[in-house]
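Below, each value reflects all heavy atoms present in this structure, side chains not excepted, and no hydrogens, waters or symmetry copies. Along the sequence shown, residues carry numbers from 1. This one's a predicted model, so the numbers in the text were calculated from it and none came from an experiment.
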Amino acid sequence: YRKAADQGHAGGQNNLGVCYFNGYGLKKAYKEAAVWYRKAADQGHADAQNNLGNCYYNGDGVTKDYKEAVVWYRKAADQGHAGGQNNLGVCYFNGYGLKKAYKEAAVWYRKAADQCPKQSWQLLLQWRRCDKRL
């Protein structure tokens with residue numbers, strides 16, 4: 001992935017970030033992973049945007065910042081990325097980085113569930129948790 005990443009290929013940059021994050025063929029390095037995720041995310045790569053959101057959410061390689069996580073999750077979610085949609089729902093449900101909003105959480109959980117048949121039961125349970133609070 002290094003060659004593609006060095007040539008500016010967003011997919012290669014994201015994949016190299018995944019390798020650094022998980023220690024696949026390289027020493028685990030969260031800061032380096034976040035650098036590569038950002039390069040790909042800035043090019044509009046939805047997986048990288050979600051991955052960078054996760055870095056900010058958990059403080060992996062960057063300073064923990066829920067508001068910044070929401071920025072990246074929303075970019076991924078707006079492109080139809082199911083992980084980004086689910087993660088944005090989590091942020092709305094818990095009030096991480098934005099005001100708690102169960103209706104908005106339910107919208108994003110439902111969008112994610114519609115795309116993920118294998119995980120839809122889990123996502124629909126999250127959606128139902130929102131529904132009970134409305």
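Listed for the N22 side chain is no donor-acceptor partner under 3.5 Å among the backbone atoms of Y24. A donor-acceptor pair is defined here as one N or O able to donate and one able to accept, closer than 3.5 Å; no such pair exists between the side chain of E104 and the backbone of F93. Between the side chain of E68 and the backbone N or O of T63 there is no donor-acceptor pair closer than 3.5 Å.
Y1 approaches C19 most closely through the heavy-atom pair CD1-SG, 3.8 Å. Looking at every heavy atom in both residues, G84 comes nearest to A76 through CA-CB, 4.2 Å. For the pair A34 and L52, the tightest heavy-atom approach, listed with the atom from each and the gap, is O-CD1, 3.9 Å. Of all non-hydrogen atoms in G53 and A69, the two that sit nearest each other are O-CB, 3.4 Å.
Two rings, from Y102 and Y92, have their centers 6.0 Å or more apart.
A chain of hydrophobic side-chain contacts below 4.5 Å, direct or via other Ile, Leu, Val, Met, Phe, Trp or Tyr residues, connects Y57 to L98. In the hydrophobic clustering of this structure, Y56 groups with V18; members are Ile, Leu, Val, Met, Phe, Trp, Tyr whose side-chain heavy atoms approach within less than 4.5 Å, directly or through other members. Transitive grouping of hydrophobic side chains (ILVMFWY, heavy atoms separated by less than 4.5 Å) brings L88 and Y109 into a common cluster.
Going from atom CG of N87 over to atom NE2 of H81 covers 8.5 Å, rounded to the nearest 0.5 Å. Of the inter-residue distances, the one linking N51 atom CG with H45 atom NE2 reads 9.0 Å to the nearest 0.5 angstrom.
Under the 3.5 Å distance criterion, with hydrogens and angles disregarded, a donor-acceptor pair is assigned to the side chains of N54 and Y73.
Each of R38, Q7, Q43 was scored for a side-chain hydrogen bond (donor to acceptor under 3.5 Å, both in side chains) with Q13, with one residue passing: Q43.
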